[in-house]
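One structure is given below, encoded as structure tokens.
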Amino acid sequence: MTDHTPVTLFGESHWDSPFVFTAVVALEEKRVPYEVVPFDLDKKEHLANEAFVRGSLTERVPAIRHGGFWLSESSAIVEYLEEIFPIPKHDPLLPEGPWERARARQVMAWLRSDLYGLREDRPTTTMFYERATAPLSSKGRAAADKLIRVTEALLPSTGAPPFGVNFCLADADLSFMLHRLILNGDDVPPRVRAYAEKHWARPSVQVFVRHAR
């Protein structure tokens, strides 16, 4: 397969999935042409699509089809795009240094497997549709405090980027999680807010944020 082999991204019609977000940002950063096929997950449209069910294996979005190859799960998609569209022709999605790359992978894996109280109190619908009206619960507050603590620990006091590069996908994913708080008016320390807002404004991120809903 070449750079000219079409890429199709299978997503969801509400455009509020953090996992589809990662895939969109990855494709935008790689600057490869792609088309999006959105499914209404509430109506289980993805399960009615035989090609998707067979190709995706896990029946979950996001998934991509690149030529005759299918792949689902956002973390796997990131790794695939990094390998199939390599530097220097394409921009990297993850840092080059082994320590920095490992840290970025750690943070991305953590964001996918923790902070459930925050996810419950500040679901992505409150980011893109109606804002939350209730204060954070005790579980939500504990998750928010952990998110902020980890982010502060990642941000060097020198002002250097946390993953050793000006941008990588871990920055985008971390910014997304922090914006569950920022967009809902919850308290976020100035240094953490500045970091999150900087990456939220990145063009590849804004492709997802500003998509019609």
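The first residue in the sequence is number 1, and the count goes up from there.
- At a threshold of 4.0 Å, the pair K30-D91 does not count as salt-bridged, since none of the basic side-chain nitrogens sits closer than that to a carboxylate oxygen.
- One finds no salt bridge joining D145 and R149 here, because no Lys/Arg side-chain nitrogen approaches an Asp/Glu carboxylate oxygen to under 4.0 Å.
- Judged as a side chain to side chain contact (heavy atoms under 4.5 Å, CB included), and not counting sequence neighbours, the contacts of A160 are P156, T158.
- Under 4.0 Å is where a charged nitrogen must lie from a carboxylate oxygen, and between K139 and E120 no such pair does.
- When hydrophobic clusters are built by joining Ile, Leu, Val, Met, Phe, Trp and Tyr residues whose side-chain heavy atoms come closer than 4.5 Å, directly or via intermediates, W200 is grouped together with V20.
- Salt bridge absent: R141 and D121 never bring a charged side-chain N and a carboxylate O closer than 4.0 Å.
- Counted by atom type alone, T58 and E73 present one or more donor-acceptor pairs between their side chains at under 3.5 Å.
- Taking both residues in full, the closest heavy atoms of L118 and M177 are given as CD2-SD, 4.0 Å, listed atom of the first, atom of the second, then distance.
- Judged by distance alone, with hydrogens and angles left aside, the side-chain atoms of R131 form a donor-acceptor pair with the main-chain N or O of T126 at under 3.5 Å.
- Both L71 and L169 sit in one connected hydrophobic cluster of ILVMFWY residues. Membership requires side-chain heavy atoms under 4.5 Å apart, directly or through other members.
- Panel note: side chain D173, backbone M108; no donor-acceptor pair is recorded below 3.5 Å.
- Remark: the T22 side chain and the R112 side chain contain an N/O donor-acceptor pair separated by less than 3.5 Å.
- Ring geometry, F176 versus F21: the interplanar angle falls from 30° to 60°, so the pair is classed tilted.
- Note that CZ of F167 is 7.0 Å distant from NE2 of H199, once rounded to the nearest 0.5 Å.
- Side chain of S113 to main chain of A109: a donor-acceptor pair is present (N/O by atom type, distance under 3.5 Å, no hydrogens or angles).
- There is no side-chain donor-acceptor pair under 3.5 Å between S17 and E12.
- Taking the six-membered ring for Trp and the full ring otherwise, the centers of F208 and W15 sit less than 6.0 Å from each other.
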